[in-house]
Structure formats: structure tokens, C-alpha cells
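Structure first, then comments.
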2 protein chains.
Amino acid sequence: MSSSDKTLADRTYRQLRGDIVNGRLAAGSKLKLEGLAQDYEVGMSPLREALARLMGDLLVVSEGQRGFWVAPLSLDELDDVSRVRALIETEALNAAIRNGDAQWEREVTAAFDALAAVEEHLPHTSEALPPEQLETWEARNRAFHAALVSAAGSPMLIKLRALLYQQSERYRRVSLNVSRGWRNVHDEHRAIYDATMQRNALRACRMTELHLARTAEEVRKAMAALARDDDQVSGGKA
Amino acid sequence: MSSSDKTLADRTYRQLRGDIVNGRLAAGSKLKLEGLAQDYEVGMSPLREALARLMGDLLVVSEGQRGFWVAPLSLDELDDVSRVRALIETEALNAAIRNGDAQWEREVTAAFDALAAVEEHLPHTSEALPPEQLETWEARNRAFHAALVSAAGSPMLIKLRALLYQQSERYRRVSLNVSRGWRNVHDEHRAIYDATMQRNALRACRMTELHLARTAEEVRKAMAALARDDDQVSGGKA
DNA sequence: TGTCAATATTATTTCGATATTTTTTCGACA
DNA sequence: TGTCGAAAAAATATCGAAATAATATTGACA
């Protein structure tokens, strides 16, 4: 499938990662090895190798001799991830605005335009979004935020940012499955884009912080609602 | 060996990690699977699982169907790691000084005292340090820096800090094998400790930045010297 | 009825061998 | 002599089953 799928372990790693991030594999659920091996059509070796790599991405947790689980999501971790992501993301954006050349500007603009094309006809009401359109938005949102910081000149900062973005994406997908109303996220993206193009690092970082904080707040509400529902359900059964 | 060595893969992961960080496995060297399996007395499955996890720690790199290598060290990456580490470490220290309670103060003090006990009779001259004493210093230095930020209240910040500390340690060990002179690193540790105990976050962070920058500078010189020697050697042969 | 231990079951972990790919070697040919 | 390509060697990647550990079940006993 992907470019660097030289081995089965690579392919399985990517498939599992996608299924965890988009929530197809539920947070906290047990990963039964035999079942996974059948689902992904691989043997134990590449499967375990993929799971070991996912531990490094903080998407999977394990306990010796007891197996693997999808890393759980929690309100506390949401706050933690959001705060650290804001730190890393603003640091990277700041550096990118300092270092970025004309080529970078073109790439950011292209990514922004592609994202804008999807966002301009997002439902403002609480309609459900077709899954295919959601995936397009996710991909372009990811590409836009990645393009912004791509000129930071720091591979390590980029790497940590990618890790944290992925964590955030997991949380965001939860909220998209609960409250299907889209706040005007496009205005926030445009504010970041404009400030970046004006090389106004301070404003670009402030707008980024605001953007991340608002997203986190939305997720927090969705998770709190979910937790209430779960309590009701499990409470009703008990 | 370690506490959580429930599986062979765990044990092998820890052994390999230690051997990479302390330089026993040279940076950039090829990791031949059969040889490693014999050295560590394990089969392919736990070995590959351990290597996959080390990729997440940025200690091992791989290329599909071509195997694994110890992640290389470079001057560029040294700068990158040092800068990002300073960012994370000061953020964490700042939060710890804000949040730390009396128990935290006691732990930091205990870690500092233990470190001081080793550092006070370090050779100021360019004597070589006995390996056993070096390992003691490494362990206590790690424990001191970990204790400082332990009250940051942010698991993610702590996790990223640990990753970056480990990267730095790899580089530092290079310089310790080249220039065996110890600068007065104890004064720097004491300055950080004192400022922290006075809850002077600004000063504590400044002292930390200085400490990290000086260490990086020392490593940079050592690596530059090494690179010159290597050029001579490979140049002489070519 | 409740607890505990022995047993059965299920799941994870590991090994050894095989399949596949890459790298090296060697010889034909220009 | 140098280059190209085919065959041999070496190394990686994968499978399937055996070994090991954790969990669930059962029945004896208090």
C-alpha cells in the first residue's frame, strides 16, 4: 500500500496505526494476537514487530506475558498532550517562520488551499459528514499543519511534533463521532496561515495556541458526554 | 536483570539499549541478526521485537529487507538534540518548581547529595576515570536530572525528556572517551540545585540551559577531534 | 454457601526451519 | 582491463508449531 512497505511488518505497522488513530480499534481494547494475525493476514513475527513499534508511538501498551492493548484515552492525558503539543508546535512554527524560504511559502500555500477547498463546504449545521470527506479533511489538515513547521530546520522537533499530532488526532476523532457540528475551524486555519505568511511569528503562534486550545475544549466536552453515557449504560446494567 | 524483564524480548531490549547508549555497540554499525542472537542468547523473534522498540527510541534505524543499524551520531544532530532538550527540560523544570511539594524537595536533595558524593572527588586533571566510577556517575547524574523534573505533573513532558536525555547521554559518552578532563560540572549542578530549592524558576532554567550548552560544546569538540582522526586514518589508507 | 487448590483452557512467547531478498563472487565478453 | 550478468553465498523476513505462562473452571472441603 504505502511507499515503504518493503516488509509485512511495515505494512502491518501502518495498518494497525491507522486503525488505532481512526478509532476502528477502540481505545483500551485488548489486542488478541491470534485474531489480529488472521485479520491482517500475517504471522506472529511481523505482527509482534508492528506492535513493538506502536509502543514507541504511544499507541499501544503492553504488559509482559499478558499481551497488548490499544493505549487508553483519558481527559487527563488529553490536557497533557494538548499542552505539550502547543509547546512543540509553536516552537517549530516560530523557527519555520524565521527560516522558511519561498519554496516553503509555496508549499504552505498549496496545503492551505487544498484544505480550504474542503473546509469551505463543510456543514455548519449538525449534519453527519460522509466518511470519505472526513478522511480527505483529516489528510489535508494533517498536511497543512505539517507544511507549516516543515522549515523549522530541526528534525527532532518535527519528529516530536508528528508524535503529538498523532495523539491529538486520536482524541479529535472521538469528538467528531459525538458532536457532528463543525465550529468555524476554517477561520482559525486562515488566521494561522495569514499570520505565517506575514512572518508575524508571535501572532501565528498565538493563533496556533488558540486553535489547539479550542480543539481540545471541543474534545473534552465530547469525552465528558461519552463518559456520562458510559456511566449510564454500565450503571443500568449493574 | 531489571525489574520488568518478564519476557526475553524485554531483557534483550534493555541490554541492547544499554549497549548502544554506552557505546559498546558503535554508532552507525550494522546489527547482524544472527550474531546478535548468539551474543544475547535469544532467537529471532524476541531480538527483532527488541530492535523494533529501539527504533521508537531513535537508537536503531532500519531499512526494509536490508536490516538494522545503530543510529548514527552527527554534529548536526547533536545541536538539534541539545536545543530541543533544553526546550523540554526547562519547560519541565519550570513546571516542577511550580508544582513540587516537600516530598519532591527531599527526593531532589537526596539525588543531588548522592551525585555530589561522586563528583567531589572527580579528577580535575586529565586522568582516566575507572569504568565503575563512570557508571556510578552516569546513574546518579541521570537520577538527579530526572528527580528535578519529576514533579512537572506532565507524563508526556517526562517521557519526551527521557528520550532526549538518552540521546544526549550517547553523545556525552563519546566525549568522555576522548577528552578525559572533567570540567567543574559539579558547580553547574549545584547552581541548578540551589536555584531550584530557592524556587527561582528563571534562574534554575538559565543554569540548566548553560549546563546543557556547555556539555554540548564539550561533546562538539570531542566529535570534531574524532572526525579529524578518522579522516587521517581513512585518508592514509585511501 | 464460600473458599481454595488442582485442573483445563486460553493466550502469549519463543524457537527452528523455510522462503525471500540482497549482496558477493566469478567468468564471459567487449 | 573493465563491465555486465548469471550463479552462489549470505543475510533478512516469515511461518507454523512447541513451550510457557496466565486465566478460567471445576469440584472438594469447611
Side-chain angles (χ1 to χ4, degrees), chain A residues 1-20 25-72 237-238, chain B residues 1-20 25-72 237-238:
Chain A
M1 190 170 276
S2 180
S3 56
S4 50
D5 277 355
K6 285 254 171 185
T7 68
L8 273 182
D10 277 349
R11 173 168 69 74
T12 309
Y13 164 72
R14 263 175 261 279
Q15 288 181 338
L16 273 169
R17 187 179 59 182
D19 287 344
I20 291 172
L25 289 168
S29 62
K30 182 75 198 288
L31 293 167
K32 297 236 179 97
L33 297 174
E34 206 162 346
L36 289 179
Q38 288 193 328
D39 291 351
Y40 294 90
E41 298 178 281
V42 288
M44 282 295 144
S45 312
L47 176 61
R48 291 183 67 90
E49 210 172 313
L51 290 169
R53 287 177 61 184
L54 290 165
M55 290 173 62
D57 294 344
L58 308 184
L59 294 176
V60 163
V61 295
S62 85
E63 218 176 308
Q65 306 282 21
R66 304 210 332 120
F68 300 85
W69 289 260
V70 179
K237 280 194 176 183
Chain B
M1 191 169 276
S2 180
S3 55
S4 52
D5 278 356
K6 284 256 173 185
T7 69
L8 272 181
D10 277 349
R11 173 169 67 76
T12 309
Y13 164 72
R14 264 175 260 279
Q15 289 180 337
L16 273 167
R17 188 180 59 182
D19 287 344
I20 291 172
L25 290 169
S29 61
K30 182 74 198 289
L31 293 167
K32 298 237 179 95
L33 297 174
E34 207 162 346
L36 289 179
Q38 289 193 326
D39 291 351
Y40 293 90
E41 297 179 284
V42 288
M44 281 296 143
S45 311
L47 176 60
R48 292 184 66 90
E49 209 173 313
L51 290 169
R53 287 178 61 184
L54 290 165
M55 289 174 63
D57 294 344
L58 308 184
L59 294 175
V60 163
V61 295
S62 85
E63 218 175 310
Q65 306 282 23
R66 302 211 331 120
F68 300 85
W69 288 261
V70 178
K237 280 195 175 182

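Just so we're on the same page: letters track the sequence lines, and every chain starts at 1. Any value given below was found using the heavy atoms of this structure, including those in side chains, with hydrogens, waters and symmetry copies removed.
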Distance below 4.0 Å between R48(A) side-chain N/O and dT12(C) OP1 or OP2:
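For R48(A), the contact criterion (side-chain N or O under 4.0 Å from OP1 or OP2 of dT12(C)) is not met.
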How many whole angstroms separate atom [atom1] of [X] from atom [atom2] of [N]?
X	N	atom1	atom2	answer
L36(A)	dT14(D)	CG	P	16 Å
Y13(A)	dA13(D)	OH	P	16 Å
E34(B)	dT12(D)	CD	C1'	10 Å
R11(B)	dT14(C)	CZ	P	9 Å
K32(A)	dT13(C)	NZ	P	14 Å
L47(B)	dA11(D)	CG	C1'	13 Å
D5(A)	dA13(D)	CG	C1'	14 Å
D10(B)	dA21(D)	CG	P	14 Å

Taking the side chain of [X] as its heavy atoms from C-beta onward, which of [options] lies nearest to it?
X	options	value
F68(B)	dA13(D), dC15(D), dA11(D)	dA13(D)
Q65(B)	dT22(C), dT14(D), dA21(D)	dT22(C)
K6(A)	dT14(C), dT22(C), dG16(D)	dT22(C)
L33(A)	dC15(C), dT13(C), dA13(D)	dT13(C)

Looking across every strand, which nucleic acid part, if any, lies under 4.0 Å from S45(A) by heavy atom: base, sugar-phosphate, or nothing?
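Touches a base.
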Using a heavy-atom cut-off of 4.0 Å across all strands, would you classify L31(B) as base, sugar-phosphate, or nothing?
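Touches sugar-phosphate only.
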Are [X] and [Y] close enough that some pair of their side-chain heavy atoms sits under 4.5 Å apart?
X	Y	answer
L33(A)	F68(A)	yes
E49(B)	T7(B)	no
S62(B)	M55(B)	yes

Which of these passes side chain to side chain contact (heavy atoms under 4.5 Å, CB included) with R53(B): V60(B), D10(B), L16(B)?
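The option that passes is D10(B).
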If you measure from CG on D19(A) to OG1 on T12(A), what distance do you get to the nearest 0.5 Å?
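If we round to the nearest 0.5 Å, D19(A):CG and T12(A):OG1 are 11.0 Å apart.
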Want to settle it: does E49(A) or M44(A) sit nearer the 5' end of DNA chain D, counting the closest nucleotide to each?
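Nearest nucleotide further toward 5': that of E49(A).
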Closer to the 5' end of DNA chain D via nearest nucleotide, is it G64(A) or K30(B)?
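Looking at the nearest nucleotide for each, K30(B) comes out on the 5' side.
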